[in-house]
*Asks:* 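What follows is a single structure, and I will ask about it in a moment.
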Amino acid sequence: MKKELRFNSRTIHGGQQPDKAYGAVMPPIYQTSTFAQTSPGEHRGYEYSRSGNPTRHALEESLASIESGRYGLAFASGLAAMDAVMKLLSPGDEVLATNDLYGGSYRLFRKVFEPLGIRFRFMGMQDAADIGAAIGPDTRLLWVETPTNPMMNVIDIRAVAEICRSRGILLAVDNTFATPYLQRPLELGADIVMHSATKYLGGHSDVVAGGLVVSDEKLAERLYFIQNASGAVCGPMDSYLVLRGIKTLHVRMQRHCENGEAVARYLAGHPGVEKVYWPGFPTHPNHDIASEQMSGFGGMISFIPKGAQFRDAVRIVEHLKVFTLAESLGGVESLAGHPASMTHASIPREEREKSGVTDALIRLSVGIEDAADLIEDLQNALEAS
Ligand SMILES: *Cc1c(COP(=O)(O)O)cnc(C)c1O
């Protein structure tokens, strides 16, 4: 019944009921490893918290609801969620992935799963027509990040999903940047949605967690098996924090979008700025598809200061006072990062620069402060350096 609510209501009520014991409106934090049984194998739905925990279950139902899927799974981190997806594959299988993606995803693919016999190829997917030709006989999965991190390329999920379906290949979308408030990949034909709930879903920079959402029952069963067998589950306290974050996702995202636009426009008009990467500009190469597939452009922006080298970019981020220089994104507070030395340092320079992540690139996660304070902060930093 709750599934039929509109999106903003689903962030609050999706898959949620008052707790069965006392009617607690917020799911209690069931901080327990195990559950009493009346007779061997007789229990009230939970036996051991790796296999299932009521607080985690509440989060999993919420994730499924906001992503318009049927099954949600909550993990200890975004990378743990990705790790579970990779374990669907066998040695010899191949993954085609976007060439511009989160550094930790690249590391997981190249340094953990490649040595185990799974092959990875990276390519630009902005032109869906390139994908059909790239798919080989061993390709089992397409891994897509959109918008990409940090170059803000946008990939046409519906077009890619059609290609994947016709070739019998799974499509997984990392929806961390957009969140289901802006884009819901399952509605566009993807098979798996992945989240680093550490970012916008949690929203307050106080938890590391991850999630998967799928609609296919067999796929859900296999992923649940892997989740339980490998054990990287989301703990009860962390599940509670993410659930609490999700309840305000829509109001936070609305402000992230407004502030993101204000900051992007300010930077684009600044004489000391060479280039701004933000899909809301009509000049952005993927603006049309971004407008179609997303209901807003979000608060993630990358930019290159004019004539800047490594040191100049570093000096600018060092001068910021309202923006905090830190890894991560998606919290209420604004963060700035220098991908080449931070989030993307694990990608070899040559690979990095091929996708545009140069030494001068600065990435902003625009928070929900007063936009005027953020703009003043950027102005001071650009002028001081
Ligand atoms: C942070 C991030 C991840 C990894 O998630 P963790 O929660 O840090 O493990 C994956 N993809 C994207 C796009 C991210 O920003």
Side-chain angles (χ1 to χ4, degrees), residues 56 59 63 67 73-87 95 97-113 120 122 125 141-155 157 172-183 185 190 192-213 227 230-235 238-239 241-242 245-246 253 256 277 279 294 298-302 326-331 335-339 342-347 355 357 361 363-367:
R56 189 177 97 218
L59 170 60
L63 290 172
E67 280 290 2
L73 298 119
F75 291 85
S77 70
L79 285 174
M82 287 183 69
D83 179 87
V85 173
M86 292 304 131
K87 287 173 178 162
V95 177
T98 39
N99 61 354
D100 174 34
L101 81 174
Y102 178 69
S105 308
Y106 181 87
R107 183 178 54 198
L108 179 72
F109 292 165
R110 273 273 148 93
K111 302 279 171 69
V112 177
F113 284 97
F120 294 88
F122 300 87
M125 296 192 187
L141 178 86
L142 249 77
W143 188 272
V144 168
E145 226 180 272
T146 180
T148 62
N149 178 9
M151 298 313 294
M152 308 305 297
N153 298 316
V154 178
I155 288 145
I157 299 172
V173 177
D174 181 339
N175 205 29
T176 301
F177 264 39
T179 83
Y181 176 80
L182 297 178
Q183 125 190 321
I192 301 171
V193 170
M194 173 262 160
H195 275 282
S196 169
T198 313
K199 316 294 167 56
Y200 287 105
L201 298 188
H204 297 75
S205 307
D206 54 7
V207 62
V208 171
L212 296 176
V213 182
Q227 182 195 38
S230 289
V233 295
C234 191
D238 292 350
S239 296
L241 285 170
V242 176
I246 287 174
M253 286 309 292
H256 281 297
Y277 299 88
M294 302 170 71
M300 295 302 300
I301 299 167
S302 293
E327 305 253 359
S328 202
L329 61 107
L335 300 181
H338 181 238
M342 296 166 70
T343 43
H344 291 62
S346 57
I347 304 179
S355 53
V357 186
L361 190 79
R363 189 189 78 180
L364 302 177
S365 168
V366 179

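Note that the coordinates shown come from a computational prediction; the quantities given were computed from them, not determined experimentally. Indexing begins at 1, ligand by ligand and atom by atom, following the structure's order.
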*Asks:* Output the list of atoms in ligand 1 that are nearer than 4.0 Å to some heavy atom of Ala209, sorted by atom number.
*Replies:*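 Numbered from 1, ligand 1 contributes 7 (O).
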
*Asks:* Look at atom 4 (C) of ligand 1 and say which protein heavy atom is nearest, naming residue and atom and giving the distance to 0.1 Å.
*Replies:*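 Its nearest protein heavy-atom neighbour is Tyr102 CE2, 3.4 Å.
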
*Asks:* Checking the N or O distance criterion of under 3.5 Å, is ligand 1 in contact with Gly78?
*Replies:*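 Yes - when backbone and side-chain N and O of Gly78 are compared with those of ligand 1, one distance drops under 3.5 Å.
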
*Asks:* So how far is it from Leu212 CG to Met194 CE, rounded to the nearest 0.5 Å?
*Replies:*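 With rounding to 0.5 Å, CG (Leu212) is 7.5 Å from CE (Met194).
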
*Asks:* Test of understanding: given a 4.0 Å heavy-atom threshold, classify the contact between Thr198 and ligand 1 as side chain, backbone, both, or neither.
*Replies:*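 Within the 4.0 Å criterion, Thr198 contacts ligand 1 through side-chain atoms alone.
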
*Asks:* Under 3.5 Å between some N or O of ligand 1 and some N or O of Ala80?
*Replies:*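 No, Ala80 has no N/O under 3.5 Å of an N/O on ligand 1.
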
*Asks:* Kindly confirm or rule out an N or O of Asp174 lying under 3.5 angstrom from an N or O of ligand 1.
*Replies:*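 For ligand 1, there is an N or O atom that lies under 3.5 Å from one belonging to Asp174.
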
*Asks:* If you define the side chain from C-beta out and look only at heavy atoms, does anything of Leu73 sit under 4.5 Å from Val213?
*Replies:*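 Answer no - side chains too far apart.
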
*Asks:* Number the atoms of ligand 1 from 1 as they appear, then name those within less than 4.0 Å of a heavy atom of Leu79, with their elements.
*Replies:*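 Going through ligand 1 atom by atom, the ones under 4.0 Å from Leu79 are 4 (C), 5 (O), 6 (P), 9 (O).
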
*Asks:* Closer than 4.0 angstrom: is that true for some heavy atom of Leu329 and an atom of ligand 1?
*Replies:*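 Heavy atoms of Leu329 do come under 4.0 Å of ligand 1.
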
*Asks:* Do the ring centers of His256 and Tyr200 come within less than 6.0 Å of each other?
*Replies:*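 Ring centres of Tyr200 and His256 closer than 6.0 Å.
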
*Asks:* Less than 4.5 Å apart, any side-chain heavy atom of Met151 and any of Val357?
*Replies:*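 The answer is yes; the side chains approach within 4.5 Å.
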
*Asks:* Suppose we measure from atom 15 (O) of ligand 1 to each protein heavy atom; which comes out shortest, and what is that distance?
*Replies:*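 For atom 15 (O) of ligand 1, the nearest protein heavy atom is Lys199 NZ, 2.7 Å.
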
*Asks:* Would the distance check show the side chain of Glu145 and the main-chain N or O of Asn153 forming a donor-acceptor pair, the cut-off being under 3.5 Å?
*Replies:*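 No, the answer is negative, given that no donor and acceptor are paired below the 3.5 Å cut-off.
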
*Asks:* About how many Å separate OG1 of Thr98 and CE of Met125, when rounded to the nearest 0.5 Å?
*Replies:*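 Spacing of CE (Met125) from OG1 (Thr98) equals 5.5 Å.
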
*Asks:* Mind listing the side-chain donor-acceptor pairs of residues 104-111 below 3.5 Å, one per line with the distance, residues two or more places apart or on another chain?
*Replies:*
residue: Tyr106; atom: OH; partner: Arg110; partner atom: NH1; Å: 2.8
residue: Arg110; atom: NE; partner: Glu114; partner atom: OE1; Å: 3.2
residue: Arg110; atom: NE; partner: Glu114; partner atom: OE2; Å: 3.3

*Asks:* Evaluating non-hydrogen atoms only, which member of Ser196, Ser105, Gly104 is closest to atom 5 (O) of ligand 1?
*Replies:*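 Checking each option, the heavy atom nearest atom 5 (O) of ligand 1 is found in Ser196.
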
